[in-house]
Structure formats: C-alpha cells, structure tokens
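Each remark here refers to the structure printed beneath this line.
Below, each value reflects all heavy atoms present in this structure, side chains not excepted, and no hydrogens, waters or symmetry copies. All of these numbers come straight from a predicted model, not from anything done at the bench.
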Amino acid sequence: MIVSVYRFHGLISRERADELLAGTEGAYLIRESQRQPGTHTLALRFGGQTLNYRLFYDGKHFVGEKRFESVHDLVTDGLITLYIETKAAEYIAKMTTNPIYQHLGYTSLLRDKITHQLNQTRSEPKKVTFQQDEKISPSPLSRRTTIKDGPEKHCNYEKIHNFKVHTFRGPHWCEYCANFMWGLIAQGVRCSDCGLNVHKQCSKLVPSDCQPDLRRIKKVFSCDLTTLVKAHNTPRPMVLDICIKEIEHRGLKSEGLYRVSGFTEHIEDVRLAFDRDGEKADISANMYPDINIIAGALKLYLRDLPIPVITYDVYSKFIQAAKITDPDSRLEAVHDGLLQLPPAHYETLRYLMTHLKRVTMHEKDNYMNSENLGIVFGPTLMRPPDLNTLTTLNDMRYQKLIVQLLIEHEDILF
C-alpha cells in the first residue's frame, strides 16, 4: 500500500478532504477542524473511504496511545494496523484461543530455570515447616511456623508480570500466541522483570507466573518485595536475613535498638552496598561498628518498598481490626488480615516479628518493649493507600497497636 501525503490544507470541510483524497488509497492530509476550530484532524484514505481522526501533539504526534516523531510514521503504523484488523479480524479473534504458551517459549525456559535452581539448592536444603502447637486448642490462631536449621525450600510464590509497552526492533512474535507482532512502534508489551514479550491483548491472559531475571533487577532497595525474592529464589528478602543475623549477633542488648538513629551517610553506604553487591554486602562490625547503622538500613529497606509489607489492599482491614475492643475478636481479625497478605509479604512479616520478639526479651538492656517497637515500625510496615497526611496522623496509634500485637502474639498469629 502506497502512502502519499497532501500538505496541511487549513480550514476545510470533511467533504472537501474526501474529494482531495478520493481514488488514492493510503493518502492523507491534515486539516483544521470546522467543528472545533483550533484543533487539527488527520484525514486518511483507507478501504475506499476517508477516515477522520483528531490529531494531537505533545512533542510527538498521536491519535491514540502510540506517539510518533512524524505524522508520516503515525500514518504508516495506522495503515498496517487497519489492514491487519480488516483482512485478518477473524484470525486475530481466534489467535488467543489456542495459545502455545504452555508448550513453547517462556514457559519452557521458566521450567528449565526452576529445575536448574532446584538442583542447585538440593545440596544445601533449608526448610520452612508448619506444625501444630499441641499446647493450644485447635483454632484459626493455632497454626505456628517454626524455622528449622538449614536452607529454605524453593519458594513458589505467584507473581504477576510487570508489562510495559515496548517497541521491538525487527520482526517479533508473541510468546503467548506465537503470532506476529505488527506495527512500527509499540507493537506489544514486555515484562520488565522477566522479559516476556506478548501482544497487549494477550497480556491479559498470561498467568501470574513471572520468574524475574536477576539481570533485569537493577537494585535491591526500592524493588518490589515479591520480585526480589523470586529473582533470588529465597523466601524473604536477603536484606532482612543478613541485617537481622548481624543485629542478633552483636546488637540485641544495644540501648535504644531501632529507636536510636545511625549516621545517615553510613546507612546510605549500606544501601549502596546491597544494591551493588547483593548478598555479598559486607555489614560486619569491621565495616560498621555502630549496630544502629545496620538497624537503620533495615528500617530504610522496609520503608522504601514500593508496596509496604502490610500491603495497601489489606491496610484498612488491619486498621479496623485495631479498633476492635474485645481482645480475642481483635486477634482473630488481625489473623484474618495476615492470611490475605501475599506469601512473600507474610513470610517477611512473620520473620521480622519473630526477631522483634527476641528484641523484647532483652528489654532490661535495650529498653525496647513491644509498644516502643510498635511506635518505630508501625509507619514503616503499613502506609495508607491515599497517603493523606490527616489519615496518616489519625492512623498512627492503630499502626503502633497492630505491630505491638504482632510482636506480643507472634507465636499464635503466624
């Protein structure tokens, strides 16, 4: 199909534009709209008729989601799309009904990658086991999680793909339906965490099986929690494990632990070390003698999560639970909220509360009881979705109470 252009024609009617473009398939012109003076319309000849589109410009030209450096590129891409949608509409409608996703491409690679990771971890198996506490009568609160010595099991957490519009250079095929991805730019979407390439319409059908690639994870801090643990094949973020291990080794009796601030510059150094070196980051006493720096780095990590440990989705459930006056009913409500957390968030919170319970066991030395730790960690672990200042201030006492309850009752809540 030949694309030809007639230059800007000023204020002309649709009828006049139709006359100028008649007989030349793929021809287009730009005119000022008579219906809305001051705005511009792209008139395009396709399929024996003239199509009119409102034309916008914000540094790039666009009539829909895609933005182009030139109107000529916009028209070329539009003609390709119109042609395919017209000539292959039935095929497009059927192309997602028999996907090759479960048999080829990304899923096979994912299966191979997981098998490889499992083979690597079998030599040093860590295990998380769940057992019933015989001292507690059976109830929803009687499930306890016990950490055994040794490596953790493979964590098969679900994670949705992080799809973003992508422009592919050269021919590309969808890894869900195996069909061609057409257009000049923004032909489809790519998962920024694992690299899966699919049509935009196919992205709605892809299951939540993203397996992030470490090469695509550019940092540790400010990275989505589930993304990080899946990329490293761990049940919890490495920052949590490494910092808690260091704190419990040399800092449980430190006065004001988690309340006293370390030097901001040194905390920033720890953050950079994790982003640069990952699990090999050196946070030993030789590097950072002040344990408050390590505690501060752990708080910073939790505070910088794009989705808090207690997620936005369940925030209101925990706040409402904190407002319940009956102690037993309140614990039941908190427990119900915990069960709605994503697995990686649940495990992170469980491990942190177990640690903070151990911190309170040294209250005579560190002066940090569950209430004090609730004040420190409440706003760190849970934030209101709307970030309204008044809401945040009003909710602070409930945030404190939730963390206090999680610490005091960690043995029956988790």
| said: Atom CD of residue position Glu279 - does it have more than 12 heavy atoms of other residues, nucleotides or ligands inside 6.0 Å? | reply: no
| said: Are more than 12 heavy atoms, taken from residues, nucleotides or ligands other than Ile324, located less than 6.0 Å from that residue's CD1 atom? | reply: yes
| Do any N or O atoms from the side chain of Asp224 and from the backbone of Thr227 form a donor-acceptor pair under 3.5 angstrom? | yes
| Is there a side-chain contact between Glu158 and Asp209 (heavy atoms, below 4.5 Å)? | no
| task | Any chance you could measure Arg276, atom CZ, to Arg271, atom CZ, to the nearest 0.5 Å? | result | 11.0 Å
| field | Donor on one side chain, acceptor on other, Thr50 and Arg45, under 3.5 Å | value | yes
| query | More than 12 foreign heavy atoms under 6.0 Å from CZ of Arg250: is that the case here? | reply | yes
| said: Could you report the tightest heavy-atom contact between Ser254 and Asn292, atom names first, then the distance? | reply: OG-OD1, 4.3 Å
| How about Val63 and Phe56: do any of their side-chain heavy atoms sit closer than 4.5 Å? | no
| query | So which heavy atom on Ile267 is nearest to which on Gly262, and how close? | reply | CD1-O, 3.8 Å
| request: Using a 4.5 Å cut-off on heavy atoms from C-beta on, say whether the side chain of Phe414 contacts that of Met353. | output: yes
| query | Going by atom types only, do Glu408 and Ser370 share a side-chain donor-acceptor pair under 3.5 Å? | reply | yes
| query | Between Glu175 and Asn197, is there a donor-acceptor pair closer than 3.5 Å when you use the side chain of the first and the backbone of the second? | reply | yes
| Is there side-chain contact between Asn52 and Arg31, with heavy atoms separated by less than 4.5 Å? | yes
| task | Run the numbers on Lys357 and His409 for side chain to side chain contact (heavy atoms under 4.5 Å, CB included), then give the verdict. | result | CA-CA 9 Å; Lys357 184 67 172 282; His409 303 281; over 6 Å; no
| request: Give a yes or no on whether the backbone of Thr325 and the side-chain of Ser329 come within a donor-acceptor separation of less than 3.5 Å. | output: no
| Which residue pairs pass the salt bridge (charged side-chain N to carboxylate O under 4.0 Å, His left out) test when at least one of the two sits in residues 180-198, sequence neighbours left out? | Lys159-Asp193
| task | Check whether any side-chain N or O of Thr167 sits under 3.5 Å from a backbone N or O of Ala186 as a donor-acceptor pair, and report yes or no. | result | yes
| message | Per the salt bridge (charged side-chain N to carboxylate O under 4.0 Å, His left out) rule, what does the pair list look like for residues 311-326, sequence neighbours excluded? | response | none
| query | Taking the side chain from Ser203 and the backbone from Lys200, do they hold a donor-acceptor pair closer than 3.5 Å? | reply | yes
| remark: Rounding to 0.5 Å, atoms CZ (Phe163) and SG (Cys202) come to a distance of 9.5 Å
| task | Examine distances only and state if a side-chain atom of Gln187 and a backbone atom of Phe168 form a donor-acceptor pair shorter than 3.5 Å. | result | yes
| field | Gap separating the CG atom of Asn369 from the OG1 atom of Thr360, nearest 0.5 angstrom | value | 8.0 Å
| Does any non-hydrogen side-chain atom of Ser33 lie less than 4.5 Å from one of His40? | no
| field | Audit row: Leu42, Leu29, side chain to side chain contact (heavy atoms under 4.5 Å, CB included) steps and yes/no | value | CA-CA 6 Å; Leu42 171 67; Leu29 60 80; over 6 Å; no
| field | Distance in Å, Ile291 CD1 paired with Leu252 CG, rounded so as to fall on 0.5 Å steps | value | 8.5 Å
| Lys/Arg-Asp/Glu bridge criterion (N-O < 4.0 Å) met for Arg350, Glu410 | no
| query | Can you pull the ring pair (Phe, Tyr, Trp, His ring centres under 6.0 Å) pairs that have at least one residue in residues 289-323, sequence neighbours excluded? | reply | Phe221-Tyr301
| Do His345 and Ile307 pass the side chain to side chain contact (heavy atoms under 4.5 Å, CB included) test, and can you show the C-alpha distance, the side-chain angles, and the key distance before you say yes or no? | CA-CA 10 Å; His345 287 249; Ile307 300 175; 4.0 Å; yes
| message | For His61 versus Glu69, what's the shortest heavy-atom pair and its separation? | response | CD2-O, 3.5 Å
| field | Any pair counted as salt bridge (charged side-chain N to carboxylate O under 4.0 Å, His left out), so long as it reaches residues 375-386, sequence neighbours left out | value | none
| With sequence neighbours excluded, residues passing ring-ring contact (aromatic ring centres under 6.0 Å, His included) with Phe68 | none
| request: Flag the pair His72 / Tyr28 as yes when at least one side-chain heavy-atom distance between them is below 4.5 Å, and no otherwise. | output: yes
| Atom NZ of Lys245 and atom CG of Leu240: how far apart are they, to the nearest 0.5 Å? | 13.5 Å
| message | Distance check, rounded to the nearest 0.5 Å: Leu352 atom CG versus Leu302 atom CG? | response | 6.0 Å
| query | Under a 4.5 Å cut-off applied to non-hydrogen side-chain atoms, are Met382 and Val309 in contact? | reply | no
| Non-hydrogen side-chain atoms of Leu413 and Leu406 separated by less than 4.5 Å | yes
| Shortest non-hydrogen contact between Gly374 and Pro379, atoms and distance | O-CD, 4.4 Å
| Atom of Ala281, atom of Asp277 and distance for their closest heavy-atom approach | N-CB, 3.8 Å
| query | Where do Asn179 and His199 come nearest, in terms of heavy atoms and distance? | reply | O-CE1, 3.5 Å
| request: Would you list the pairs meeting ring pair (Phe, Tyr, Trp, His ring centres under 6.0 Å) in which at least one residue belongs to residues 238-265, sequence neighbours left out? | output: Tyr258-His355, Tyr258-Phe377, Phe263-His266
| field | Side chain Asn366, main chain Val359, donor-acceptor under 3.5 Å | value | yes
| said: Test side chain to side chain contact (heavy atoms under 4.5 Å, CB included) on Arg54 and Gln36; report intermediate values, then the result. | reply: CA-CA 10 Å; Arg54 175 81 177 275; Gln36 294 180 292; 3.6 Å; yes
